[in-house]
Amino acid sequence: MATVCNDSHGNFILYGFSDRPYLEKVLFGVILVFYCLTLAGNAVIILVSLMDPKLQTPMYFFLSNLSLIDICFTSSCVPQMLVNLGGSDKIITFHGCATQLYIFLWLGATECVLLVVMALDRYVAVCHPLRYTTVMHPKVCLQLAVLAWGAGLIQSLIQSSATLRLPFCSHRVVDDIVCEVPALIQLSSADTTYNEVQMSIASVILLVLPLVIILSSYGAIVKSVMKIKSSTGQKKAFGTCTSHLLVVSLFYGTVTGVYLQPKTHYAHERGKFLTLFYTVITPTLNPLIYTLRNKEVKEAVIRLGWRTWNSHR
């Protein structure tokens, strides 16, 4: 028998860390600082990638796309998170929750695909350097970027719509810090087998499969790098690749912990901190990782700083 709800579009309560008020105060300050750093750091990456002629390459085109995703990704959930942590009102409207879910899932899925594209870019650059400019033509790069954004959007439209069609009758307390698929499925009063299977399939396609492709690409890259006789060439190749691999590890390590974890109370509580990590911490670390470990980006940031300084003198 189908479940009937009198108020299927009522408000939700994002429970988050409401049982630990002291933690909420600490998290409010930490998240606010990290959010500002995320906006500033990723904006700098986008600016230097667009304005510096030396960074007009496929690698930095994809990096600027990643920075744009990170800005939008955090902005889709952090402002609401700060409102909830900073006050006693934890309410989010159904439409607010739905909007957050669509955007959050769209950008998260887009990042999964984009990280694969970035790994393939590095694979072609290191393993097939003579064909790099031909294979990674600007038109091809644009098509790959559109593919990433489009695939993420399609995934979000399918999974978010299926999740929001579920009835939420018994109570409307979302035991999470954002409106996320696993928490909303757990909240529903109906049979969620279809949604759980759908989430598992999506997790395999967007998390497991991309991770296998990325690791395979870097396996081939390591083999090619070890054949390079020049130690300087090896260091440069490993420098750019390890930055990307570190970003991949941070993102996939936390996201898989949320979407592939077992259904236990302990795992769910841990999932809140993992969600906090990949929505707040990882987008802040990405520009730092690429800036601190990449000489070209550091030099481009310095040049941009000098141009800005001289223009205001």
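Note that these values count all heavy atoms, side chains included, but never hydrogens, waters or copies made by symmetry. Keep in mind the model is a prediction, meaning the values are calculated, not measured.
- For the salt bridge (charged side-chain N to carboxylate O under 4.0 Å, His left out) condition, no pair includes a residue of residues 62-76, sequence neighbours left out.
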**OP:** Please step through side chain to side chain contact (heavy atoms under 4.5 Å, CB included) for the pair Cys179 and Leu14, ending with a clear verdict.
**Re:** CA-CA 8 Å; Cys179 287; Leu14 286 171; 4.1 Å; yes
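- Residue pairs meeting the salt bridge (charged side-chain N to carboxylate O under 4.0 Å, His left out) criterion with at least one partner in residues 40-61, sequence neighbours excluded, are Asp52-Arg303.
- The other residues sharing a hydrophobic cluster with Leu37 are Val33, where clustering joins ILVMFWY side chains under 4.5 Å apart.
- Residues passing the ring-ring contact (aromatic ring centres under 6.0 Å, His included) test with Tyr35: none are found, sequence neighbours excluded.
- Phe168 and Phe12 have their aromatic ring centers within a separation under 6.0 angstrom.
- The shortest side-chain heavy-atom distance between Leu147 and Gln143 does not fall under the 4.5 Å cut-off.
- Considering all non-hydrogen atoms of both residues, Leu120 and Ser217 come closest at CD2-OG, 3.7 Å.
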Just list the side-chain donor-acceptor pairs under 3.5 Å for residues 19-29, sequence neighbours left out, or say none.
residue	atom	partner	partner atom	Å
Arg20	NH2	Glu269	OE1	2.8
Glu24	OE1	Lys90	NZ	3.4
Glu24	OE2	Lys90	NZ	2.9

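- Residues Thr192 and Ser188 share a closest heavy-atom pair of CG2-CB, 3.9 Å.
- Atoms CG and CZ, from Leu285 and Phe251 in turn, are 13.5 Å apart once rounded to the nearest 0.5 Å.
- The main-chain N or O of Ile177 is never found under 3.5 Å from a side-chain atom of Lys272 such that the two would form a donor-acceptor pair.
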Under 3.5 Å donor-acceptor pairs involving side-chain atoms of residues 149-160, not counting sequence neighbours:
residue	atom	partner	partner atom	Å
Trp149	NE1	Asn65	OD1	3.0
Gln155	NE2	Gln159	OE1	2.3
Ser156	OG	Tyr102	O	2.6
Ser156	OG	Ser160	OG	3.4
Ser160	OG	Ser156	O	2.9

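- In this structure, CG in Asn84 is found 8.0 Å from OG in Ser18, a value given to the nearest 0.5 Å.
- In this structure, Phe34 and Thr74 have side chains that are not in contact, with every pair of non-hydrogen atoms separated by 4.5 Å or more.
- When all heavy atoms of Leu105 and Val181 are compared, the pair lying nearest together is CD2-CG2, 4.1 Å.
- Counting only residues at least two apart or in different chains, disulfide bond (SG atoms under 2.5 Å apart) contacts with residues 106-149 are absent.
- For Tyr123, the OH atom counts as loosely surrounded, since its 6.0 Å shell holds 12 or fewer non-hydrogen atoms of other residues, nucleotides or ligands.
- For residues 95-111, no pair satisfies salt bridge (charged side-chain N to carboxylate O under 4.0 Å, His left out), with sequence neighbours left out.
- The main-chain N or O of Val126 is never found under 3.5 Å from a side-chain atom of Ser224 such that the two would form a donor-acceptor pair.
- Among residues two or more places apart in sequence or in another chain, the side chain to side chain contact (heavy atoms under 4.5 Å, CB included) test is passed with Ile71 by Leu39, Asn42, Ile46, Ser75.
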**OP:** I would like to know whether Val280 and Met81 meet side chain to side chain contact (heavy atoms under 4.5 Å, CB included); could you show each step before the answer?
**Re:** CA-CA 10 Å; Val280 179; Met81 204 183 292; 4.3 Å; yes
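- Rounded to the nearest 0.5 angstrom, Ser76 OG and Leu101 CG are separated by 10.0 Å.
- Taken to the nearest 0.5 Å, the CG atom of Leu245 stands 11.5 Å off from the CE atom of Met118.
- Tyr278 meets the ring-ring contact (aromatic ring centres under 6.0 Å, His included) test with no other residue; sequence neighbours excluded.
- Using a 4.5 Å heavy-atom threshold, the side chains of Arg172 and Asn11 count as separate.
- In this structure, Val83 stands alone, with no Ile, Leu, Val, Met, Phe, Trp or Tyr side-chain heavy atom under 4.5 Å from its own, directly or through other members.
- Here the closest heavy-atom approach between residue Leu107 and residue Ile69 is recorded as O-CG2, 3.7 Å.
- Residues Met136 and Phe62 have side chains in contact (heavy-atom distance under 4.5 Å, counting atoms from C-beta outward).
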List the atom pairs, with distances to 0.1 Å, where a side-chain N or O of residues 200-212 and a protein N or O form a donor-acceptor pair under 3.5 Å, not counting sequence neighbours.
residue	atom	partner	partner atom	Å
Ser200	OG	Glu196	O	2.9
Ser203	OG	Met199	O	2.8

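- Side-chain atoms of Asn195 come within 3.5 Å of backbone N or O of Ala162 as a donor-acceptor pair.
- The one candidate from Val78, Thr38, Thr279 that meets the side-chain contact (heavy atoms from CB on, under 4.5 Å) condition with Ile31 is Val78.
- Here the CD1 atom belonging to Ile289 is positioned 8.0 Å from the OG1 atom belonging to Thr282, to the nearest 0.5 angstrom.
- Of all non-hydrogen atoms in Leu63 and Ile45, the two that sit nearest each other are CG-CG2, 3.8 Å.
- Nearest approach of Leu114 to Leu66, heavy atoms of both residues: CD2-N, 3.5 Å.
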**OP:** Decide side chain to side chain contact (heavy atoms under 4.5 Å, CB included) for Leu166 and Leu184; before the verdict, give the C-alpha distance in whole Å, the side-chain angles of both, and the deciding distance to 0.1 Å.
**Re:** CA-CA 9 Å; Leu166 290 169; Leu184 290 173; over 6 Å; no
**OP:** Apply the test side chain to side chain contact (heavy atoms under 4.5 Å, CB included) to residues Tyr252 and Ile214: give CA-CA distance (whole Å), side-chain angles for both, the deciding distance (0.1 Å), then the verdict.
**Re:** CA-CA 11 Å; Tyr252 278 98; Ile214 290 170; 3.8 Å; yes
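- Of the possible donor and acceptor atoms, one in the side chain of Gln56 sits under 3.5 Å from a partner among the backbone N and O of Leu50.
- One distance of note links CZ of Phe61 with CG of Asp121; it measures 11.0 Å at 0.5 Å rounding.
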